[in-house]
Amino acid sequence: QVQLVESGGGSVQAGGSLRLSCAASGSLLSMGWFRQAPGKQRELVAIITSGGSTNYADSVKGRFTISRDNAKNTVYLQMNSLKPEDTAVYYCCAGNTLGAGMARSYPFWGQGTQVSVSS
């Protein structure tokens with residue numbers, strides 16, 4: 001069983017930046033982030049494979065950057081130019097599906113970290 005530990009959420013004003021981190025207890029092909037706002041379904045934010053291939057949601061392209069340290073089994077999400085609509089609980093995920101954009105493709109999940117962006 002792989003455990004994921006997230007850190008880095010918080011509150012920020014629109015236009016600000018936050019960086020999320022997620023450390024895994026084991027090595028998996030794909031790691032990344034989904035988010036879920038109140039009353040909405042969990043949606044893809046970004047995924048990165050161990051080879052560095054990435055998959056971003058259109059809504060975050062150009063503002064968010066996902067990166068990964070394979071030696072530390074850790075994935076990062078740098079979030080810039082944050083908007084109020086980015087407010088959600090952000091969940092780290094991991095699995096051996098190659099960069100899939102569907103939540104059901106990932107068997108391992110973190111506990112979630114709140115990101116709140118005020119206008």
Side-chain angles (χ1 to χ4, degrees):
Q1 185 77 5
V2 174
Q3 295 188 346
L4 305 176
V5 179
E6 302 149 341
S7 60
S11 298
V12 66
Q13 289 190 328
S17 298
L18 286 172
R19 188 187 194 216
L20 306 182
S21 300
C22 173
S25 60
S27 177
L28 291 121
L29 178 60
S30 294
M31 294 183 70
W33 301 89
F34 281 71
R35 66 186 181 187
Q36 189 166 16
K40 294 188 177 181
Q41 290 188 331
R42 193 169 296 192
E43 64 176 8
L44 169 73
V45 177
I47 297 293
I48 186 167
T49 69
S50 56
S53 297
T54 57
N55 181 9
Y56 288 95
D58 288 342
S59 59
V60 307
K61 285 180 180 176
R63 300 188 297 122
F64 292 10
T65 302
I66 192 169
S67 60
R68 178 171 175 165
D69 185 335
N70 290 330
K72 296 180 179 180
N73 294 326
T74 299
V75 64
Y76 306 95
L77 185 69
Q78 178 65 44
M79 304 185 292
N80 298 329
S81 301
L82 282 160
K83 304 176 180 180
E85 51 263 44
D86 294 318
T87 295
V89 177
Y90 284 67
Y91 294 92
C92 180
C93 64
N96 284 321
T97 302
L98 192 63
M102 296 171 293
R104 65 176 182 263
S105 299
Y106 299 94
F108 304 111
W109 292 87
Q111 77 281 4
T113 185
Q114 178 70 46
V115 171
S116 298
V117 184
S118 59
S119 58

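Of all the heavy atoms in A24 and L4, the pair that sits closest is CB-CD2, 3.4 Å. For the residue pair V115 and G9, the shortest heavy atom distance occurs at CG2-CA, 4.3 Å. Looking at every heavy atom in both residues, S17 comes nearest to N80 through OG-OD1, 2.9 Å. The two residues M31 and N73 have their closest heavy-atom pair at CE-O, 3.8 Å. Scanning all heavy atoms of the two residues, the minimum distance from S119 to P84 falls at CB-CG, 3.9 Å. Listed here is the closest heavy atom pair of R35 and D86: NH1-OD1, 2.9 Å.
Using a distance-only test at 3.5 Å, with no hydrogens or angles considered, a donor-acceptor pair links the side chain of S25 to the main chain of Q3. Although no hydrogens or angles enter the test, the distance criterion places a donor-acceptor pair under 3.5 Å between the side chain of R68 and the main chain of I48. Between the side chain of S21 and the backbone N or O of S7 there is no donor-acceptor pair closer than 3.5 Å. Under a 3.5 Å cut-off, the side chain of T87 and the backbone N or O of V117 do form a donor-acceptor pair. T74 places a side-chain N or O within donor-acceptor distance of the main-chain N or O of K72, the cut-off being under 3.5 Å. Although no hydrogens or angles enter the test, the distance criterion places a donor-acceptor pair under 3.5 Å between the side chain of Y56 and the main chain of I66. Y106 places a side-chain N or O within donor-acceptor distance of the main-chain N or O of A100, the cut-off being under 3.5 Å.
Here the straight-line distance linking atom CE of M102 with atom CZ of F34 works out to 8.5 Å at 0.5 Å rounding. Here the CD-CD distance, from E43 to Q36, works out to 9.5 Å after rounding to the nearest 0.5 Å. Here the CZ-SG distance, from R104 to C93, works out to 13.5 Å after rounding to the nearest 0.5 Å.
Following chains of ILVMFWY side-chain contacts shorter than 4.5 Å, one cannot reach L44 starting from L77, and the two form parts of different hydrophobic clusters. Cluster annotation: W109 is connected to I47 through the hydrophobic network of ILVMFWY side chains, with a link wherever side-chain heavy atoms come within less than 4.5 Å. Note on L18: it clusters hydrophobically with V45, by side-chain heavy-atom contacts below 4.5 Å among ILVMFWY residues. A continuous path of hydrophobic side-chain contacts links V12 to V60 [ILVMFWY only; heavy atoms under 4.5 Å].
Under the 30°/60° scheme for interplanar angles, the aromatic rings of Y90 and F64 are found to be tilted.
For the pair L20/E6, no side-chain contact is recorded, criterion being any heavy-atom separation below 4.5 Å from C-beta on. In this structure, T65 and Y76 have side chains that are not in contact, with every pair of non-hydrogen atoms separated by 4.5 Å or more. Side-chain contact check for T97 versus S30: every heavy-atom pair is 4.5 Å or farther apart.
Dense packing is recorded around CD of E85, with more than 12 heavy atoms of other residues, nucleotides or ligands lying under 6.0 Å away.
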